[in-house]
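Notes follow once the structure below has been shown.
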Amino acid sequence: MPNTRVIYWFRTDLRLHDSPALQAALGLHPEAFWPVWTWDPHYVYRARVGVNRWQFLTDCQNDLSKSITKLNKKSKLFLMREAPQTLFPKLFKAWKITHLVFEKDTDAYARDRDANVIKAAEEAGVQVIVRSGRTLWDSDLLVEKNHGKPTMSISQVQNAGPKIGLIPRPIPAPKSLPDPGPTNLDFKQDEPDQRPDFNGKSRQSADKSYEKIAGPKGDFAVPTLEELGFPSATSAHRGGETIGLKILDNIISDETYTATFEKPKTSPAAFDPQATTLLSPHLHFGSLSIREFYWRVQDIVTTFKGKASQPPVSLTGQLLFRDMYFGAQAKLGYSFGQTMYNSHCRFIPWHLPSKVNHETKLVTGEYHIDSTEAEEWFQRWKWGRTGFPWIDALMRQLRKDGWIHHLGRHAVACFLTRGGCYVSWERGAEVFEEWLLDHETASNAGNWQWLSCTAFFAQFYRCYSPVAFPKKWDKEGAFVRKYVPELKNLDDKYIYEPWTAPLANQKKAGVKIQGNGSEDVQGVYPKPMFDFGERRTVCLDGMKKAYQVGLYGDDAKVIDGSWRKL
Ligand code: FAD
C-alpha cells in the first residue's frame, strides 16, 4: 500500500516461518519495511545473561539477517543499539513510520516495556499491531478460559486450551520481503550509557561505539561477543532458525522416537546425544515456532501404527507444560518470579541459620566469599564442588554447555532446596537465569517452585538422592567422568561416592578426596559438604513444619497444586 511504512520489531520470534505477527505486517503490503531488533537495556545490561546465551542470541540474529537478505538483497536485520522506549519515537519521526508490528510477549517486564512503546506510538500517530505467537495458545486467553485464574496444573491447560480453539496450524515463511526505506539516523542520540561494561570499564571511555545506534561500523550489524566485552562461548549448542528447523527435521525423521517419547523414561545422564530434543533454546528465542514443533509431532502421532504416548509424558505434553507456566505468569505478573507477594507460592523459611555457624573462606575461580554455612553450600553447589559427583557434573554441564536434562534440573534443584541445602529456590533460579541457554522467566520460576514444593507440586517427601538416582541411569558413571574429569579413572563402585574409596583406589585413579573444594588443585576432588542422609532428615522436618503452619496458619490445604487457606 502506498504510504504504508512498517517497522517489524523482532524480539523473541527470531524466525521467518510461522510468525502470525510477521504475516500481519506483510499483509499491509508496505511500501517500506524495516526488520528491526533493538538493544533492550533490561537484557543487555543485566548481569544475569551468560556468554553462552549471548552467543546463541547473536547466532539467531545472524541467521535471521541472512535469511532476510536472501528474500530481499537490500534488506537485513537492522540491529539498533538503543532502548526501544527512547529509540522508536525518534525512528517513527525520521522514517515516517505508519505501523509498528510485533509478537505479543506476556513476560511481566515485557508488558511494561511494550505498554510504553505503544503509548509512544499512539502519540506519534503510529498504528500498532500485536499478534500472539510465542505459545500454543495466547496466554491471556488461556487464563480467561481458566476462569480468570493462573494455570497451575496441566489438566487446567488441557481443559482451558481447547475452549480457545484448535492450536493454529503453522504459517509458511514468506517468499519475498519489501524493500526497507532509507535508514538515516540524523537525530540527537541519547546520552551515552555511563554504566560499566562487562569488563568493569566505563562504556563511554572504553568504547565510543556504544554511543552509536548502528554499531561500530554504522552498518546495523549484529554485535560480536568481542563488541559486547565477552570472552568466547563455551557451549557447542548454536542458535538460529536454520539449525532449529534442522534439529526438528532430524527428530521427526525418527517416527518411533517422536511418537513414543515419554519424558520420565529419558535419561538425564545421556549426552552426545542427549535423550530429549534440546529444542528449548530455540523455543526461547523463537528460532523455532512452538506450533511448528507441535503439529509436526502431532501429525506423526496421528498416523503412527504402534501405540503412541499421550500428554503429559509425550512430546506434545512437554509443550503443554510450557504453556502452563506462561499462563501462570501471564496472570501473576512480576510476583510469579518470587515468593514475596506471590499468592500462589508457599512460604518456606529457607536458609535456616546453620547449627555450626562457622566462617569459611571459599575460593572458586574468581569468586571469593566470607559466608555462613548455607552460603558456602550455595557457592559449592553453583560451582560444582559439593563433593557429590552427580550434582557437580550437572552444575558443570550447565555452566559449560548452558543446558541440562529436565531430570538433571530436578536433581540439582531438589538438592539446593528441600533435599539437601535448604536454600531458597530464588537463589537457584538466579543461577539458572545466568547460565541456561533456554532461560525462560515463566518456565524457570515455575519449575523451581515445583521442585522446591512451594507451588504446583506438594509431595515434598519425595527426594532425589545424589547417589541412588544416578545409579539407576548410568551405573558406570560415564556422565560424571565427562564433566568431572578428576574422577575419570575411579572404579565404577565409587563413582557416585568417591569419599568411600580406600586410599589405594584413590591413588590408582590419580585423585585425592580431600578438602572443601576451595582451591583448584589438580588431582583433588572435595569431600562431600555434608552427610546427605542427615540433611534429608533436617529438610524433611523443616518442610513438614512449614506445611503445617507456614504463611497460611494451621488451616491450609493444597488445591489445584497450590496452597490455599481454608
Ligand atoms: P524436551 O523434553 O525435548 O521438551 C520439548 C519442549 O517442551 C522443551 O524444549 C520445552 O520448551 C518444553 N518443556 C519440556 N518440559 C518443560 C517443563 N517442565 N516446563 C516448561 N517447558 C517444558 N525450560 C525452559 O525452557 N526454560 C527454563 O528456564 C527452564 N528452567 C527450568 C528450571 C528447573 C528447575 C527445571 C526443573 C526445569 C526447567 N525447565 C526450563 C523445563 C525443562 O527442564 C526444559 O524445558 C527441558 O529440559 C528442555 O530440554 P528439551 O528441549 O530437550 O526438552
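Whatever order the structure lists ligands and atoms in, that order sets their numbers, starting from 1.
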#### Entry: Contacts of type ring-ring contact (aromatic ring centres under 6.0 Å, His included), residue His237, not counting sequence neighbours
none
### Geometric class of the Phe261/Tyr257 ring pair [parallel <30°, tilted 30-60°, perpendicular >60°]
perpendicular
### Query
Which of the numbered atoms in ligand 1 are below 4.0 angstrom from a heavy atom of Leu278?
50 (P), 51 (O), 52 (O)
#### Entry: Phe336/Tyr334 aromatic ring centres below 6.0 Å
no
### Query
Judged by modelled atom types alone, do His405 and Gln274 share a side-chain donor-acceptor pair under 3.5 Å?
no
### Message
Less than 3.5 Å apart, any donor N or O on the side chain of Thr386 or Asp392 sitting next to an acceptor on the other?
### Response
yes
### Query
Phe456 vs Trp450 aromatic rings, parallel, tilted or perpendicular, using cut-offs 30° and 60°?
parallel
## Note on the structure
among protein heavy atoms, the one nearest atom 27 (C) of ligand 1 is Asp438 OD1, 3.4 Å
#### Entry: Backbone or side-chain N or O of Asn447 under 3.5 Å from ligand 1 N or O
yes
### Summary
Counting from 1 in the order shown, the ligand 1 atoms closer than 4.0 Å to a non-hydrogen atom of Leu279 are 9 (O), 51 (O)
### Task
For Leu319, take its heavy atoms, then give the atoms of ligand 1 lying under 4.0 Å from any of them.
6 (C), 7 (O)
## Note on the structure
For atom 4 (O) of ligand 1, the closest protein heavy atom turns out to be Gln318 CB, 3.5 Å
### Query
Are Phe102 and Tyr8 an aromatic pair by the rule of ring centers under 6.0 Å?
no
### Query
Taking the six-membered ring for Trp, are the ring centroids of Trp377 and Tyr422 within less than 6.0 Å of each other?
no
### Query
In the protein, which heavy atom is nearest to atom 28 (O) of ligand 1, and how far is it?
Glu440 N, 3.0 Å
### Query
Can you list the atoms of ligand 1 that are under 4.0 Å from a heavy atom of Thr277?
1 (P), 3 (O), 5 (C), 50 (P), 51 (O), 52 (O)
### Query
Does an N or O anywhere in His406 fall below 3.5 Å from an N or O of ligand 1?
yes
### Query
Can you tell me if Thr234 and Asp401 form a side-chain donor-acceptor pair at under 3.5 Å?
no
### Query
What protein heavy atom sits nearest atom 36 (C) of ligand 1, and how far away is it?
Arg409 CB, 3.5 Å
### Query
Closest non-hydrogen protein atom to atom 45 (O) of ligand 1, residue and atom name please, with distance?
Ser280 CB, 4.1 Å
### Flag for Glu426-Thr339: side-chain donor and acceptor within less than 3.5 Å
yes
### Query
Side chains of Ser335 and Asn342: donor-acceptor distance under 3.5 Å anywhere?
no
### Query
Can we call the ring centroids of Trp381 and Phe415 under 6.0 Å apart?
no
#### Entry: Region of Leu436 that comes within reach of ligand 1 [heavy atoms, distance under 4.0 Å]
side chain
### Message
Please report whether ligand 1 has a polar contact with His405, defined as an N or O pair separated by less than 3.5 Å (distance criterion only).
### Response
no
## Note on the structure
The answer for which part of Thr266 has a heavy atom under 4.0 Å from ligand 1 is neither
### Task
Can you sort out which atoms of ligand 1 are near Lys263, meaning under 4.0 Å from one of its heavy atoms?
2 (O), 14 (C), 15 (N)
### Summary
Here the atoms of ligand 1 under 4.0 Å from any heavy atom belonging to Trp403 are 48 (C), 49 (O), 52 (O)
### Message
So, regarding Phe321 and ligand 1 (criterion: nitrogen or oxygen to nitrogen or oxygen, under 3.5 Å), is there a contact or not?
### Response
no
### Query
With sequence neighbours excluded, what pairs up with Phe460 under the ring-ring contact (aromatic ring centres under 6.0 Å, His included) test?
Tyr547
### Query
Short list, please: which atoms of ligand 1 are under 4.0 Å from a heavy atom of Leu283?
9 (O), 11 (O)
### Query
Closer than 4.0 angstrom: is that true for some heavy atom of Phe261 and an atom of ligand 1?
yes
### Query
What atoms in ligand 1 come closer than 4.0 Å to a heavy atom of Phe432?
32 (C), 33 (C), 34 (C)
### Query
Hey, is ligand 1 close enough to His410 that some N/O pair sits below 3.5 Å?
no
